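I have placed the structure first, in the form of structure tokens, so that the comments after it can refer back to it.
Sequential numbering from 1 along the given sequence is applied to the chain's residues. Keep in mind that what you see is a predicted model, and the values were worked out from it rather than measured. What's counted below: heavy atoms across the whole structure, side chains too, no hydrogens, waters or symmetry copies.
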Amino acid sequence: PLRILCVHGYRQHGSAFRERTGALRKALKKHAELVYITAPLRVSEPAPQQEATAGLQAVEPDSQTEDPRGWWFSNAQERSFHAGESCQSSLGLEESLEAVSRVVREQGPFDGILGFSQGAALVAMICALQGQAGGAQGQFSFRFAVLIAGFRSACEEHARFYTTPVSMPTLHVFGETDRVIPDHMSRELAAGFENPQVLTHTGGHFVPAAAPQKKVYCQFLDTFISK
């Protein structure tokens, strides 16, 4: 089977994300082994309210995750993150990229990478890095990526990740009624990839794994399994 590195969302944790994606792991058990990573940045601010002032929640409302983590903070002073928050500079992204690189070195190789919400935004950056400067000097060598409820970072210093279309094969998954990361944000991210495959569902901010989605996941992964 393929080996896929899984990147959780903001205010989540690798083990909690593994539990939440049990249906996905079951659906893909004949196709892939899913390996989960935990972000290096500890999140200390209170869980987001149902309705954030900016009109976007940072992540699905959940205060039950122990030791919540994140991949970068859009507000460096408050060490907080909101997907729709514009900023000139962020905090923690380079540390997170190094954390992923270290897992690749120590636990790899991996065939693909999967990300959810802020994790999907990070995966998009990794895809861009891999395509730039000879794959970031071999730092990453993923063959494909699955981005679930992803978005483009609104931070100005991250604009470098969106300068040229990314050629890596990708599957973009998002919900039409997602109130955390509205579907137009995920569509904007997908537009930065060459020939992206898009899978939509009628639900909200979660990793879908029902029969219709399972079929698409498996068909996508089949193209990378050696016959």
What verdict does the side-chain contact (heavy atoms from CB on, under 4.5 Å) test give for D111 and F224, after you've listed the backbone C-alpha separation in whole Å, the side-chain angles of each residue and the deciding distance to 0.1 Å? CA-CA 8 Å; D111 297 286; F224 302 99; over 6 Å; no
Can we call the ring centroids of F116 and H205 under 6.0 Å apart? yes
Ring-ring centroid check H31 Y217, cutoff 6.0 Å: no
In short, V166 meets A128 closest at the heavy-atom pair CG2-CA, 4.0 Å
Same apolar cluster (I L V M F W Y, side chains within < 4.5 Å links), F193/F174: no
So, does Q213 use its side chain to make a donor-acceptor pair with the main chain of A210 at under 3.5 Å? yes
Test log, rule side-chain contact (heavy atoms from CB on, under 4.5 Å), inputs L93 and F161: CA-CA 12 Å; L93 178 63; F161 297 111; 3.8 Å; yes
Less than 4.5 Å apart, side chain to side chain, heavy atoms only: is that true for L199 and Q197? no
Within the 4.5 Å heavy-atom criterion, are Q107 and I37 side-chain neighbours or not? no
Matching residue for F17 among T38, V207, V7 - test: side chain to side chain contact (heavy atoms under 4.5 Å, CB included): V207
Within a strict 4.5 Å, meaning less than it, do heavy atoms of the R143 and T223 side chains meet? no
Which of parallel (below 30°), tilted (30 to 60°) and perpendicular (above 60°) describes F81 and W72? perpendicular
Please work out whether the ring planes of F140 and F142 are parallel, tilted or perpendicular, with thresholds of 30° and 60°. parallel
Inter-residue atom distance H158.NE2 - L122.CG, 0.5 Å rounding: 9.5 Å
Can you tell if the side chain of V123 reaches within under 4.5 Å of the side chain of L114, non-hydrogen atoms only? no
Using a 6.0 Å cut-off, check whether atom CZ of R105 has over 12 heavy atoms from anything other than its own residue. yes
Test side chain to side chain donor-acceptor pair (under 3.5 Å) applied to T170 and H172, step by step: CA-CA 6 Å; T170 51; H172 299 255; 3.0 Å; yes
OG of S153 to CD of E85: how many Å apart, nearest 0.5 Å? 10.0 Å
Identify the residue among S117, S90, S96 that makes a side chain to side chain contact (heavy atoms under 4.5 Å, CB included) with W71. S96
G175 versus D183, closest heavy-atom pair with distance: O-CB, 3.7 Å
Taking every heavy atom of R69 against every heavy atom of H13, the minimum-distance pair comes out as CG-CD2, 4.2 Å
Heavy atoms of other groups near R18 CZ, more than 12 under 6.0 Å: no
Decide yes or no for E78 and L91: does some side-chain heavy atom of the first lie under 4.5 Å from some side-chain heavy atom of the second? no
Under 30°, 30 to 60°, or over 60°: which ring-plane class applies to F73 and Y10, parallel, tilted or perpendicular? perpendicular
Heavy-atom pair with the smallest gap, counting every atom of P208 and I148: CD-CG2, 4.3 Å
Within-4.5 Å side-chain heavy-atom neighbours: Q12 and Q118: no
